[in-house]
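Encoded as structure tokens, the structure appears first; notes follow it.
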Amino acid sequence: MPKLLTTIPHADGFHMPGEFEKHDGCWMLWPDRTDTYRLGAKPAQAAYAETAIAISQFEKVTVGVSAAQFKNARNKLPDHIRVVEISYNDSWMRDSGPIFVNNGQEVRAVDWDFNAWGGLEEGIYFPWDLDDLVPRKVAEMEWLDRYKANMVLEGGAITVDGEGTLITTAQCLLNPNRNPDLSKEEIEKYLHDYLGIEKTIWIPRGSLHDETDGHVDGLCAFIRPGEVVVEWTDEKNDPEYDIIMEAYELLQKATDAQGRKLKVHKLHNPAPIYVTHEETEGIDSVEGVLERVAGTFMGPSYINFYLANGGCVVPLYNDPADSVALETLQKLMPERKVVGVKSGREILLGGGMVHCITQQQPSAKSK
């Protein structure tokens with residue numbers, strides 16, 4: 001039976017690998033909230049299915065589904081994608097799911113606290129009790145021993161290089177609605193102890209109006225040790241121009257845990273997306289859940305891709321920049337096949353993108 005460990009991952013020789021390293025598979029959760037997704041969540045389900053199918057050409061995919069939606073999801077997903085029944089509050093596996101660590105011989109799960117991106121005062125929905133149990137359930141299904149970290153951390157708040165470097169935003173990790181009793185130094189100690197991080201690079205802010213309080217996974221990502229891709233715009237009237245410039249300049253000057261100066265690649269953004277009245281009409285209005293309002297800026301980003309075994313799965317937005325983004329990423333990662341998910345806007349309407357709805361499970365020997 002998998003054990004709840006009382007030791008510390010770093011002391012046990014475990015660390016979080018980079019997403020670009022070898023995976024045993026990918027985890028997702030099936031969307032079914034009608035107060036988050038429009039039209040009974042049917043368009044979102046189609047978008048999640050498209051994402052799962054795209055990733056499954058590169059690695060195994062497991063989709064967790066509620067009992068009520070099991071038959072529907074099983075019918076909408078091909079047989080080579082595993083569908084398992086699991087209870088949860090919402091479908092953001094990147095944030096509510098476990099973060100996996102390895103030591104070259106074994107994989108273990110780290111179970112962080114989850115409070116729906118802000119807790120009772122600022123969280124997006126209530127309750128989140130079932131989401132907070134997802135890491136334990138995944139670990140037990142995979143027969144993996146588990147560490148419990150007593151700190152709120154979402155997977156979308158970080159990107160790592162697998163060699164001791166982590167990038168995050170102060171807007172998110174230092175937000176009082178996450179860990180008000182922890183100092184910056186204490187948070188860095190948790191990252192060191194539970195993920196094997198030797199150096200944390202702090203970007204001040206994440207995407208504008210981000211419901212997650214500035215997650216880094218829409219702003220920049222490691223594609224290999226020493227190399228990051230950062231979102232970019234030449235348009236000074238873009239709502240995120242100042243944020244992007246700030247992040248780019250900081251990363252240009254940064255060095256990683258190995259002392260290397262980061263190589264920073266630009267990836268042009270699509271045009272800004274604003275929620276239409278039509279897109280809000282089909283969403284149930286429920287007290288305690290963040291309301292989707294017509295005219296709200298949603299920060300689309302190609303950076304929110306998922307790196308699979310030999311692949312890169314990218315959200316697309318029916319924008320002229322889509323083809324340029326695919327071409328740019330293919331040149332940056334010639335060792336991978338870059339594919340697009342056409343329904344990226346539909347996922348974005350729920351509050352995230354491709355990376356937000358996935359979580360990689362690394363192999364024991366991920367390099």
Side-chain angles (χ1 to χ4, degrees), residues 19 31 37-38 43-44 46-48 50-51 54-55 92 94 156 159 169 171 203 205-212 214-223 228-248 251 264-280 292-308 311-333 336-358:
E19 188 173 320
Y37 311 99
R38 66 191 183 115
Y48 276 56
E50 182 191 0
T51 304
I55 295 171
W92 306 101
R94 177 64 54 179
T159 180
T169 72
Q171 179 188 353
I203 294 174
R205 298 176 289 171
S207 297
L208 184 68
H209 303 321
D210 184 359
E211 298 169 1
T212 65
H215 274 188
V216 79
D217 65 353
L219 184 62
C220 72
F222 278 106
I223 57 171
V228 296
V229 180
V230 64
E231 66 174 340
W232 185 257
T233 181
D234 294 315
E235 301 295 330
K236 292 188 177 182
N237 60 351
D238 187 296
E240 298 193 284
Y241 180 83
D242 290 343
I243 293 171
I244 291 169
M245 295 304 115
E246 182 179 61
Y248 178 76
L251 291 171
V264 184
H265 305 283
K266 299 175 182 177
L267 184 62
H268 277 262
N269 261 355
I273 287 179
Y274 298 89
V275 181
T276 67
H277 177 70
E278 181 185 8
E279 288 169 335
T280 65
R292 311 289 174 185
V293 179
T296 300
F297 170 76
M298 305 291 283
S301 173
Y302 300 117
I303 295 292
N304 201 274
F305 51 70
Y306 177 81
L307 296 180
C312 176
V313 178
V314 188
L316 303 179
Y317 306 97
N318 193 28
D319 186 286
D322 286 356
S323 59
V324 178
L326 294 175
E327 181 181 348
T328 301
L329 287 169
Q330 191 61 78
K331 288 179 179 177
L332 291 176
M333 295 179 281
R336 298 179 184 275
K337 179 182 178 182
V338 178
V339 298
V341 172
K342 294 180 180 179
S343 50
R345 181 179 180 118
E346 197 64 49
I347 305 172
L348 184 64
L349 290 175
M353 292 163 278
V354 165
H355 194 255
C356 306
I357 66 174
T358 56

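FYI, side chains are in, hydrogens and waters are out, and symmetry mates aren't considered; it's all heavy atoms of this structure.
- Shortest non-hydrogen contact noted between C312 and L329 is SG-CD1, 4.4 Å.
- In this structure T276 satisfies the side chain to side chain donor-acceptor pair (under 3.5 Å) test together with E279, sequence neighbours excluded.
- For the atom pair L348 CG and M353 CE, the distance stands at 6.0 Å (nearest 0.5 Å).
- Using a 4.5 Å heavy-atom cutoff, the side chains of D217 and C356 are in contact.
- Residues V341 and V313 meet the side-chain proximity criterion, which asks for heavy atoms closer than 4.5 Å.
- With sequence neighbours excluded, no residue satisfies ring-ring contact (aromatic ring centres under 6.0 Å, His included) with Y37.
- With values rounded to the nearest 0.5 angstrom, Y274 atom OH is found 12.5 Å from M298 atom CE.
- The CD1 atom of I243 sits 7.0 Å away from atom CD of Q171, with the distance rounded to the nearest 0.5 Å.
- Listed by chain and residue number, nothing satisfies the side chain to side chain donor-acceptor pair (under 3.5 Å) test with D238 (two or more places apart in sequence, or in another chain).
- Listed by chain and number, the residues in a side chain to side chain donor-acceptor pair (under 3.5 Å) with K342 amount to none (sequence neighbours excluded).
- Taking each heavy atom of I347 and W92 in turn, the nearest pair found is O-CH2, 4.0 Å.
- For the salt bridge (Lys or Arg N to Asp or Glu O under 4.0 Å) test, residues two or more places apart in sequence or in another chain that qualify with E246 are R205.
- Annotation: salt bridge (Lys or Arg N to Asp or Glu O under 4.0 Å) contacts of E240 (sequence neighbours excluded): none.
- Checked against side chain to side chain contact (heavy atoms under 4.5 Å, CB included), H265 has the following partners two or more places apart in sequence or in another chain: I223, E227, V229, K263, L332.
- Annotation: the span from E231 atom CD to I303 atom CD1 amounts to 6.5 Å, rounded to 0.5 Å.
- Legend: residues meeting ring-ring contact (aromatic ring centres under 6.0 Å, His included) with Y241, ordered by chain and number and at least two apart, are absent.
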* Asked: Given the rule in the side-chain contact (heavy atoms from CB on, under 4.5 Å) test, do H215 and R94 qualify, once you have shown the distances and angles that lead to the verdict?
  -> CA-CA 11 Å; H215 274 188; R94 177 64 54 179; over 6 Å; no
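- Residues passing the side chain to side chain contact (heavy atoms under 4.5 Å, CB included) test with A294 are H277, T280, sequence neighbours excluded.
- Taking the side chain as every heavy atom from C-beta outward, V324 and E327 never approach each other to under 4.5 Å.
- When side chains are defined from C-beta on, F222 counts as touching V228, because their heavy atoms get closer than 4.5 Å.
- Taking CD1 from I244 and OG from S207, the interatomic distance works out to 7.5 Å, rounded to the nearest 0.5 Å.
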Just list the side-chain donor-acceptor pairs under 3.5 Å for residues 315-323, sequence neighbours left out, or say none.
{"residue": "Y317", "atom": "OH", "partner": "S301", "partner atom": "N", "Å": "3.3"}
{"residue": "Y317", "atom": "OH", "partner": "S301", "partner atom": "O", "Å": "2.8"}
{"residue": "D319", "atom": "OD1", "partner": "A321", "partner atom": "N", "Å": "2.7"}
{"residue": "D319", "atom": "OD2", "partner": "A271", "partner atom": "N", "Å": "3.0"}
{"residue": "D322", "atom": "OD1", "partner": "Y302", "partner atom": "OH", "Å": "2.5"}
{"residue": "D322", "atom": "OD1", "partner": "Y317", "partner atom": "N", "Å": "3.3"}
{"residue": "D322", "atom": "OD2", "partner": "Y317", "partner atom": "N", "Å": "3.2"}
{"residue": "D322", "atom": "OD2", "partner": "N318", "partner atom": "N", "Å": "2.9"}
{"residue": "D322", "atom": "OD2", "partner": "D319", "partner atom": "N", "Å": "3.2"}

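- In this structure, the separation between CZ on F305 and CE on M333 is 4.5 Å, given to the nearest 0.5 Å.
- Applying the side chain to side chain donor-acceptor pair (under 3.5 Å) test to K236 and every residue at least two apart in sequence or in another chain returns nothing.
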